[in-house]
Amino acid sequence: MSGDHIHAEPTNFFRKHVFSVDHKVIAKQFLWFGLVWLGIGGIMAMLIRWQLANPGDPVPVIGSFLFPRTGGVIDPATYNTLFTMHGTIMIFLGLTPLIIGCVGNWAIPLMIGARDMIFPLLNCLSFWTVFAGGCVGFYSLFVPLGATEAGWTGYPTLSTTVNGLGSGETLWAIAVFLIGASSIMGGINYMTTVIRLRAPGMTWGRLPLTVWGLFLTSALNVLFIPVIGSAMLLLIMDRVFGTTFFVPASIMQGGGGGDPILYQHLFWIFGHPEVYILILPAWGIIGDLLSFFARKPAFGYRAQVGAMTAVTVLSAVVYGHHMFTTGLSAMLGESFMLLTMIISVPAEILFFSWLHTIWRGNIRFTVPMLWSVGVIFVFGLGGLTGIYCATIGTDIFLHDTYFIVGHFHLTMAASALFAAFGAIVFFFPKMFGRMMSPLLGKLHFWLTIIPLVSVFCMMFVMGYAGMPRRYYDHTSMEFLASLQHMNKAATHMAFLLGSAQLIFVFNFIKSRWFGKPASTNPWEVGTLDWQTETPLPHYNFKDIPTVVTGPHEFSHPALPEGRDWISMTEELPSA
Amino acid sequence: MKLHTKMMQRLTSLWTSGITRASLGLAILCGMAPEALAGGKRWGPVPFASDFGYRFEDLFWLITWLCVGSFSIVVIMILIPSVRDRYKPGRKAHFDHGASLKDKRLATVISAATFLVLDAWVLVIAMTDLREAWWNIPESEEAGVYEVEVLAQQWAWNFRHKGADGKFGTADDILQMNELTVPNGRSVSFQGTSKDVIHSLFIPAMRFKKDFNPGDINSVWFKPITAGNYTILCAELCGYAHYQMFGELHVLESDTFDNWAADASELGVAAYDSEDTEARWAWDWKE
Amino acid sequence: MTSAAISLPKEGIKSRVNTTLGMVFFIGSWSMSFGTLFLAFAVLRQRSGVWPPVGIALPSLPMATLATAVLIASSVAFHRALQGIDAKDSNAVRADGLGLPWIIGLVTGVAFALLQGWLWMDLMAAGRNPSSGLYESLFYGLTWVHALHVGIGLLSLLWATIGLAAGRYGSHRFSTINNIVIFWHFVDVVWIVLYLAFFIF
Amino acid sequence: MTSETSMRRSTTLIACLATLAFAALASFRGDSAPAEATLEEHAEEQAADEHGAPAEAEKPHMRAPIGVDLYVREDAWLRAPGPEWFKKQSDLQPGRFTFNEEGGDGEGEWVDAQNVYRLIYDEEEDVYAYWSWAGPEQLTRGRQDFLQFCSSCHGIDGDGYGRSGQWLRPSPRSFHQSNFKFTKVIQPLPTDAALMRLIKRGLEGTPMLPWALSDEQLTDIIQYIKYLSPEGEGWRDPFTGVGDVVESGEDTWVGKEEYAIERGKRLYHDPSGANCALCHPGYVNPSALGKLLGDDSVKARESYYLPVLKDSAYEVQGQPVKIMPPDFTWHQVRAGTTTQDLFETIASGIKGTAMPQWKGALTDEDLWALAHYVESLINDYKGKPDARAEFMKGLREAK
């Protein structure tokens with residue numbers, strides 16, 4: 001039977017809390033892991049912003065501790081390392097563990113009515129592999145000859161031994177490979193679980209949108225992470241064994257014959273789906289949350305699922321828009337431009353559905369709801385600015401400027417982060433049995449969205465003014481020095497944004513141990529995860545529930561007065 | 001606690017009052033205000049100086065206004081329910097799955113309309129622009145095309161002109177480093193590659209950018225329309241001193257340029273060491 | 001462990017589907033991985049004018065053909081072995097899975113690994129190492145990754161062999177060995193593509 | 001335990017093995033670099049290069065020390081701080097160290113946490129030499145930074161033949177030749193301070209940029225660069241002079257720049273003066289040369305308005321390269337274009353090229369005059385194509 005794999009609850013500390021195979025423990029492990037890395041990546045972002053606003057000034061307080069050899073000054077090599085690792089950490093070790101690792105592990109079995117993932121041991125291995133990847137990546141910061149400096153994209157030949165002679169870049173590639181392996185394991189587990197372990201009655205049409213988003217993300221993970229895995233293998237071989245996959249003959253002086261552009265193709269075949277890997281769960285989560293807190297069925301459930309699926313499919317064929325300036329042929333360039341534009345159609349359907357979901361609702365502006373509306377806002381900004389980047393005529397100027405930085409931070413980083421925050425606050429009561437403080441949560445939300453939007457909108461202005469990204473010092477030439485005032489302004493806002501996250505840390509820690517105890521179903525929603533006891537028993541469900549209703553049947557006319565929701569296990573009263 | 005909660009609700013109701021957008025805009029302005037007060041600051045790009053520069057500006061602002069329009073709709077669609085449909089005990093939300101044929105039609109029509117207005121419009125203009133400007137690299141037989149070979153390296157730009165004899169790789173070639181001098185009003189066609197890592201030739205005033213990859217030759221062109229000095233940047237991360245890899249473009253009026261080219265070619269011959277075979281890097285112009 | 005003496009029923013279809021589905025996804029993932037490598041191969045080969053390069057030592061065609069034959073034989077043997085195990089209704093007899101086909105499969109599998117090693121040694125002896133050029137890069141790079149999977153496959157098969165001998169696996173616990181053999185078939189298919197890419201076309 | 005759980009193990013097992021096998025692969029070190037390569041080995045490889053080893057075997061650009069333990073032998077010798085320092089040290093601990101400049105027994109050794117310093121005396125020449133051993137830690141740090149920041153042009157072995165340095169003329173400095181062009185010092189070799197100033201400032205118009213490294217990093221790199229000198233040459237010959245920075249003194253022409261320019265112009269073109277026009281272009285019409293110098297017997301060389309390509313002491317891969325003296329109205333002067341910079345460059349000469357050291361040969365007043373003249377050429381014509389074309393036309397037309 002779908003839920004019959006019961007084994008005894010472990011009593012040993014290691015089996016219970018460290019090498020646990022229980023999806024709930026693993027979700028919490030991913031949560032802590034992701035939050036720690038989010039913090040590290042965030043500190044890196046603050047260092048980057050400090051350097052941009054005050055080029056060559058020693059970093060106050062922590063500078064002499066972090067960079068003793070330069071007396072607290074971030075030197076250009078360190079700066080390159082910082083933005084490289086900031087990107088890598090935020091994508092692979094911050095957001096992925098939070099929004100896929102934590103939310104996926106937590107939500108999938110509970111929402112579909114399963115007792116655990118279908119491959120619990122693989123699940124455990126998935127976490128410890130990403131943990132190992134994180135360790136390797138962190139260690140790479142301290143090796144001789146410097147850490148990776150080739151950007152998170154790691155383009156050859158900068159990332160081959162032409163530039164980075166030390167082992168930093170190799171270790172970075174190994175870390176990315178390990179993290180990728182972890183994602184594949186997770187993806188296989190999620191997909192098989194969703195396909196095989198749904199509770200009776202939990203049809204595909206009744207899956208909560210969160211699960212849909214995670215399912216599609218898993219498909220992308222399983223299909224496209226191997227591509228970067230192979231690219232990393234080739235890169236490692238180039239670096240360690242002297243092969244020449246990405247090193248052209250002109251550099252090698254005899255031998256060689258590889259192609260650095262090949263790497264860019266491989267990287268972006270993965271890299272573009274990676275954007276959707278992060279954003280699909282976010283879409284799923286807010287699709288649910290908007291409906292939950294507007295107390296209204298998710299508008300166009302099928303359309304939303306269809307749009308997400310369409311994006312999943314399309315994501316594989318638009319990657320070329322990252323390479324418009326690399327000398328792509330005219331035909332390829334135009335095709336990729338067209339295909340990229342087509343992605344806006346499913347995106348519009350999603351926006352349409354979300355906005356209609358809150359339209360004429362009975363909206364409870366709880367913290368998760370605020371984050372969800374925030375996602376619509378920042379993703380709207382980021383998505384629309386994507387048109388500039390997809391259009392070659394404008395991209396030819398805006399490519400590799402701060403415009404792109406603003407664009408992808410809003411689309412991928414901010415949207416996924418907001419959805420992750422929303423999901424954390426939403427699932428917190430079930431996870432830890434306590435409520436997070438709504439007051440601090442709202443304060444955190446407002447102090448996050450305002451500086452965040454202003455930082456990245458300023459980046460649009462900077463990019464349009466022609467400021468290239470990945471520059472250590474914009475004051476070294478007159479052309480850019482006259483734009484420095486915007487860099488300073490963005491830095492002020494970024495520091496505000498950074499310090500606002502301390503509110504979250506405080507709120508999280510405080511609520512984890514001292515928060516108000518939560519009731520079984522504090523949000524009054526009908527999905528299966530909220531029909532269980534709090535705290536959750538080891539096997540989630542004593543009896544596997546039978547699903548008879550959809551996940552979003554809020555405010556059904558036939559519901560009794562004073563109750564606007566219905567559990568998925570309850571029959572809808574006939575109107 | 002109660003008071004705080006109330007205050008927070010106030011803050012949350014910012015959505016409701018339409019101040020949201022204003023406050024966000026204000027935040028941007030507030031952040032920038034101290035720096036903006038000082039003079040000599042730039043907010044936009046330098047004026048374009050190439051004949052296709054206007055295409056970028058036109059397209060950029062077209063997209064901008066389209067985006068402002070559609071984003072306003074999104075914000076309004078957020079604001080209205082935020083004001084009108086806030087939680088009231090006892091009120092029931094409108095029960096609607098949005099699965100009716102009408103809704104499906106509406107979604108389809110709106111998506112299609114948005115696509116046509118937002119994307120297809122931009123797409124058509126962009127395609128035209130590309131074919132008429134950026135990808136319309138002039139053939140070398142065309143009269144008045146000025147050809148330059150570019151060799152990028154960590155961290156400098158090497159430019160090679162044909163010199164007096166009209167051939168690359170000869171003694172009278174003009175070699176420039178981090179400086180490029182071209183005639184005004186003539187199409188300047190580049191072919192470029194790199195010695196080591198990927199670099200990207202970015203001349204903001206000319207509104208173009210092209211990667212130069214090791215082991216491959218890429219072409220790009222522009223036609224200056226205003227004489228003057230412009231900045232050349234590297235737009236692809238190329239290692240430690242990426243931020244210092246910049247040069248200057250001098251666009252000279254054609255008389256001045258002819259004088260310059262004659263002198264430069266002569267000095268090129270004087271500096272040419274026929275025994276130093278190591279120092280050759282020109283290639284035949286690729287069609 | 002007393003299971004060897006007890007007759008256990010055949011593994012249920014549900015359990016088989018569950019695990020095999022996971023394996024199928026794994027294989028899909030791996031296919032993308034090797035697909036990427038073959039894409040790299042195709043692109044790089046397309047870029048170089050003469051293929052294979054003239055005037056340098058190439059890996060030995062007869063030996064590679066032999067290796068291919070051996071690996072196919074191994075796959076077929078394992079397939080037969082699995083059919084045999086699956087045909088049993090229960091594991092009434094201890095270690096009855098470990099029949100001749102299984103042993104043949106294992107031996108030929110190891111033989112393939114040795115032949116692969118010989119191919120590398122031969123090429124090394126001719127002075128061609130991974131940094132010699134593009135052909136060598138591709139040959140060593142791709143066969144290394146494949147050999148890694150051969151190694152994993154052989155270790156898993158060894159695990160399965162021990163399990164079969166001890167009676168842990170059999171028709172009552174079929175999907176473990178089934179999955180391992182599926183993986184081995186996948187390794188086989190990848191080698192055939194490699195062989196075609198490097199030696200035939 | 002049901003059968004299903006354990007069935008799932010096969011998938012898990014294979015994933016586990018893949019991870020392990022990968023870790024094994026990753027920890028395996030390739031044969032592209034010697035695992036414990038010492039600097040001597042690198043030096044030997046270098047020597048093999050220079051003796052015509054086949055390119056296939058060597059590929060100088062591909063020797064990348066991936067995963068190599070950086071190890072530097074201990075007896076690298078480098079220049080020590082100077083006699084004053086030794087005096088101070090001998091005062092501190094007279095028993096361990098004697099310093100007696102007159103008595104000739106100035107030999108001794110001083111060991112501190114970083115280095116070993118030694119002073120020796122050559123009776124025949126009656127000179128002192130002093131040097132130190134930079135500690136292996138410092139050299140290792142220096143080598144790391146050199147590899148990270150300098151090797152792309154100056155080569156992994158410091159032979160001036162890095163990947164990005166190919167085809168560059170003038171070529172990047174080879175540190176095996178102990179010759180440095182723009183040191184602005186009197187002696188053949190620059191001091192640490194002079195080198196540091198040069199690196200921090202960069203050379204204008206070349207890929208040698210102003211390096212934003214800390215003093216500590218630069219000190220380490222400089223110790224390593226000095227260490228790259230071949231045995232018995234340059235810094236590793238204790239008796240080669242390490243010079244002091246040229247003293248510029250006060251500009252003697254303040255307020256009288258026009259006279260300085262006039263005087264400089266005469267000196268520049270006068271064969272019995274500085275005779276700069278022998279290699280650099282002459283900036284007067286040949287027919288007006290006699291009038292300028294008041295001596296009609298002076299004849300201009302052929303192509304008077306062009307510089308003359310000169311031999312240099314620099315080599316690229318064993319092949320000597322020629323160096324072009326700059327045309328001040330056209331080329332970028334590498335070592336700076338302020339009057340002060342020009343004075344220092346003229347005074348110290350450019351080591352290893354045909355540009356001699358003028359300090360001593362000309363008075364400071366004349367040197368300043370030349371500096372002013374050159375500066376005026378740069379200011380008036382460089383980057384001004386029309387003005388220059390006009391000017392050059394005047395030079396070429398016979399009068």
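Throughout, a chain's letter reflects where its sequence line sits, starting with A, and its residues are numbered from 1.
- Using a distance-only test at 3.5 Å, with no hydrogens or angles considered, no donor-acceptor pair links the side chain of A/Ser230 to the main chain of C/Leu37.
- We find the CG-OG distance between A/Leu234 and C/Ser137 to be 10.0 Å, quoted to the nearest 0.5 Å.
- Of the atoms belonging to A/Ile269, it is side-chain heavy atoms, and not backbone ones, that fall under 4.5 Å from chain C.
- Atom CZ of C/Phe25 is separated from atom CD1 of A/Ile195 by 3.5 Å, given to the nearest 0.5 angstrom.
- Looking at A/Ile228, there are no atoms closer than 4.5 Å to chain C (heavy atoms on both sides), in backbone or side chain.
- In this structure, chain C has heavy atoms under 4.5 Å from both the backbone and the side chain of A/Leu223.
- Put simply, the side chain of A/Met237 reaches to within 4.5 Å of the side chain of C/Val145, judged on heavy atoms.
- Side-chain contact between A/Thr192 and C/Asn18 is absent, with no heavy-atom pair separated by less than 4.5 Å.
- Rounded to the nearest 0.5 angstrom, C/Glu136 CD and A/Thr244 OG1 are separated by 8.5 Å.
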*Could you give me the CA-CA distance, side-chain angles and deciding distance for C/Leu138 and A/Phe245, then say whether side chain to side chain contact (heavy atoms under 4.5 Å, CB included) is met?*
CA-CA 7 Å; C/Leu138 284 167; A/Phe245 294 104; 3.5 Å; yes
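- Within residues 71-80 of chain C, no residue has any heavy atom less than 4.5 Å from a heavy atom of chain A.
- With rounding to the nearest 0.5 Å, the separation of CD1 in A/Ile188 from CE in C/Met23 is 8.5 Å.
- Rounding to the nearest 0.5 angstrom, the gap separating the CZ atom in A/Phe241 from the CG atom in C/Asn129 is 12.5 Å.
- Residue C/Gln46 qualifies as open at atom CD: its count of foreign heavy atoms under 6.0 Å is 12 or below.
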